[in-house]
Asker: 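Please see the structure below; I have some questions.
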Amino acid sequence: MAAVPTRNDRRVILHLDYDCFYASVFEVEQPALKSVPLAVQQKQIVVTCNYEARRRGLHKLQLIKDAKRICPDVVIVLGEDLTKFRDVSKELYSFIRGFVWGERVERLGFDELSLDVTDMIDYNLQILNPHDLTNAFFQLDVKDPTVGFSYDATRYLGKTVPLYPEGIATPLEIDSLGMRLLLGSHLIGYLRTRMEHDKGFTATGGVSTSKLLAKLVGSVHKPNQQTTLLPPYETKHDSSLEDSNVIQFMDSHDIRKIPGIGSRLAQKLSHKVNSHSDAEGDGERRLTVRDVRLFPSMSSATLERVLGGPGAPKGIGVKIWGILHGVDNTNVMEARDIPTQISIEDTYGRGRLATPEDLRRELEVLTRSLIRRMRTDLLDDTVTDGTQPRWLAHPRTLRLSTRPRNAPETDGARSYNWNRISRSAPLPSFVFHVDENVDSIAERLVHEHAMVMFRKLHPEKSGWDLQLLNIAVTNLVESAGDQKQSRGRDIGKMFRQQEAVLKNWSVHESGPAAEERAAVDHRATPSPRQATSREERMQQPGDCTGVAVQVAAQVAAAAWNRNDQSGSEESEDADWQDEDECDRSWRVSPANVECPLCGAVMPQFAQLAHQTFHATEKGGD
DNA sequence: ATGTGGGAG
DNA sequence: GGTTCTCCCACAT
């Protein structure tokens, strides 16, 4: 029997999914649209439609032609320009973030959010009066006990899995998983109400203990509803796992519906499972998580063999094996202030890009958008005192991608080509000249750079048949010296103390053995802060993070021992360099240290980081 | 550093 | 005759 991965169920995670987001943006703009079937068009397809349209048989990714045939009175609006959607998405994001303690609110695409509300739930469990659960009050502000909402702590709000119509009125232990999820259900209900009343957007919600489970359970009842995945999550020792609601819930899903399992992985899995039991050729019956999980001799090692190979991420077997058991220990990451890339693309019908003139014209259109996007997203708009606005980050690479159409086969049929090809080159610095106008920058960039890259991609003089052009800037380097206070950390103090801190640990004495010893030693020592009460920590949010982040990053990074950051970056422009990039999102709490890049949690370093922080605090200053 | 592939909405 | 417009991450070289 293959080992069953263990889940971390200490957290409470909420998932929000705005209902048919693009269509809702138009409805909020023009409320009259709410009562008609509404479809949002990009090129020749319906990218989304409202529920009135769905009632009449329309759906996502349908051809406009078909949509009109099925529902002749459908109202169609054009949604190729994403600016509006992007802006609304950011607004809703900061609205929700305003309610959540800490920074753990993650945006997935334009229309989904994951929230780690563990701290809020823990606090509200503490202040819960066990003798009057039906008249509970959920406090949204630690400092002001009047800010919050009333709720009934004997019932779950909204739907549950498995479904109990009354939301259950049960005597739950105060500190049980069920009670934490129950509070989560009331919190997400409150957030959904506020979103609708204040902003006009309805959302579907999910409540569980991980991003994976909250997202999956959220989609059980749509739209404008919410669902909580009920305990028990754990499996009794030596049972066949089926007494866990998580296993039951995961098992019922089509393998392709699981986040993290895309079409390629689903295809490989179905090949593996069906080649054994399938007598029919090409039998396309749906494959469930259960089918894969219980397949003979299935294990993380089997999955690694089936799914791994050249190009595949290492450890994919372990990861997928976990997912099949509902295990997702990745953290909700706080928002990044800048994106990692910006790209603009358009698709073209046959013959639309036949000549170099066509090509150049279209490239200029795309490039103008790109420069405008760079200015709106990357320029510091807080500077209004007449001086030149500063770039928050400089992309270092320009990339041009195309997707050629396939040549017709002998029977004249053309198969669809999904693949892109691309060329990259350093981004010239004139694109950062803020006082030059967009058109002339775009013209120059296309003429001197993009066209050259295009010729490398397509050496023929003309007659290419391209479906798609994409131009992107990537490889963004954040600028230094920006005091965008990420939770009041004092950088000056941090650097002044850093040397002393690191000396204690001898982390810069190289060698993994030394770091390992340091880690072990400190793990054995009790931290003076361990006994600190929860409220005390809550009222000083992020107090420890300044030095601890710096320190834990160094120790953890060294011990993690993945990439030597030998990067000897040569300096072209001084202001391109940043002093403060790698450490900025390392998260340290009394229980955890978390890698900002992969989200891995390393609790073994938490105590180390905290202890040293407080030692420093005592000695320094 | 550059290019490709897979995944997400 | 045939799906949009993005964004993110990891791997290979």
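Note on naming: letters A, B, ... go to the chains in the order of the sequence lines (proteins, then strands), and numbering restarts at 1 for each one.
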Asker: C:dT6 C1' sits how many Å from A:K60 NZ, rounded?
Answerer: 15 Å
Asker: In whole angstrom, what separates A:R107's CZ from C:dT6's P?
Answerer: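 Roughly 14 Å, once rounded to whole Å.
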Asker: Once salt bridge (Lys or Arg N to Asp or Glu O under 4.0 Å) is applied, do any residues pair with A:D358, and if so which ones, sequence neighbours excluded?
Answerer: A:R361
Asker: How would you summarise protein contacts on nucleotides 2-9 of chain B per nucleotide, using B for base, S for sugar-phosphate only and - for none, with heavy-atom distances below 4.0 Å?
Answerer: SSB-SSSS
Asker: Using whole Å, what does the distance between atom C1' of nucleotide C:dT6 and atom CD of A:Q467 come to?
Answerer: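 Spelled out: CD on A:Q467 to C1' on C:dT6 is 17 Å.
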Asker: Cation-pi between A:R194 and A:F99: NZ/CZ under 6.0 Å from ring centre and within 45° of the ring axis?
Answerer: no
Asker: Checking A:V327 now: which residues fulfil side chain to side chain contact (heavy atoms under 4.5 Å, CB included) with it, not counting sequence neighbours?
Answerer: A:P5, A:R7, A:H325, A:N329
Asker: Listed by chain and number, what are the salt bridge (Lys or Arg N to Asp or Glu O under 4.0 Å) partners of A:K84, not counting sequence neighbours?
Answerer: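 In terms of salt bridge (Lys or Arg N to Asp or Glu O under 4.0 Å), with neighbours along the sequence ignored, A:K84 is linked to A:E29.
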Asker: Rounded off to whole Å, could you give me the CD-to-P distance for the A:Q341 and C:dC5 pair?
Answerer: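 Answer to the nearest Å: 15 Å.
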Asker: Between atom CZ in A:R86 and atom P in C:dT4, what is the gap in whole Å?
Answerer: 18 Å
Asker: Looking at A:D19 and A:K222, is there a salt bridge between them, counting it only when a charged N and a carboxylate O are closer than 4.0 Å?
Answerer: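 Looking at A:K222 and A:D19, the cut-off is not met.
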Asker: Give one of base, sugar-phosphate or nothing for A:R373, where a contact means two heavy atoms less than 4.0 Å apart.
Answerer: sugar-phosphate
Asker: Do any side-chain atoms of residues 451-459 of chain A form donor-acceptor pairs under 3.5 angstrom with protein atoms, and if so which ones, sequence neighbours left out?
Answerer:
residue	atom	partner	partner atom	Å
A:H458	NE2	A:T402	OG1	2.9

Asker: How many Å lie between CG on A:D346 and C1' on C:dT6, as a whole number?
Answerer: 12 Å
Asker: With nearest nucleotides of DNA chain C determined for A:R336 and A:G79 from heavy-atom distances, which residue corresponds to the more 5′ nucleotide?
Answerer: A:G79
Asker: Applying side-chain hydrogen bond (donor to acceptor under 3.5 Å, both in side chains), name anything that partners A:E52, two or more places apart in sequence or on another chain.
Answerer: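 For A:E52, the residues satisfying side-chain hydrogen bond (donor to acceptor under 3.5 Å, both in side chains) (neighbours in sequence not counted) are A:R55, A:R56.
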Asker: May I ask you to evaluate whether A:T340 reaches the phosphate of C:dC7, defined as a side-chain N or O under 4.0 Å from OP1 or OP2?
Answerer: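 So the side-chain polar atoms of A:T340 never come under 4.0 Å of the phosphate oxygens OP1 or OP2 of C:dC7.
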Asker: With salt bridge (Lys or Arg N to Asp or Glu O under 4.0 Å) as the rule and sequence neighbours excluded, what pairs involving residues 315-328 of chain A come up?
Answerer: none
Asker: Return the value, rounded to whole Å, for the distance between atom CG of A:L307 and atom C1' of C:dA10.
Answerer: 15 Å
Asker: Using whole Å, report how far CG of A:L476 lies from P of C:dC7.
Answerer: 11 Å
Asker: Quick one: side-chain hydrogen bond (donor to acceptor under 3.5 Å, both in side chains) partners of A:D66, sequence neighbours excluded?
Answerer: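 For A:D66 the side-chain hydrogen bond (donor to acceptor under 3.5 Å, both in side chains) partners, ignoring immediate neighbours, are A:R69.
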Asker: Of all residues at least two apart in sequence or in a different chain, which pass the salt bridge (Lys or Arg N to Asp or Glu O under 4.0 Å) check with A:K199?
Answerer: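 Once residues adjacent in sequence are excluded, the partners of A:K199 under the salt bridge (Lys or Arg N to Asp or Glu O under 4.0 Å) criterion are A:E91.
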Asker: What residues form a salt bridge (Lys or Arg N to Asp or Glu O under 4.0 Å) with A:R360, not counting sequence neighbours?
Answerer: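 Partners of A:R360 under the salt bridge (Lys or Arg N to Asp or Glu O under 4.0 Å) test: A:E364.
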Asker: Please write out the pairs of protein N or O atoms and N or O atoms of nucleotides 11-13 of chain C separated by less than 3.5 Å, giving the distance to one decimal.
Answerer:
residue	atom	partner	partner atom	Å
C:dC11	OP1	A:K314	N	2.9

Asker: Which protein N or O atoms sit under 3.5 Å from an N or O of nucleotides 1-3 of chain C?
Answerer:
residue	atom	partner	partner atom	Å
C:dG2	O6	A:R414	O	3.2

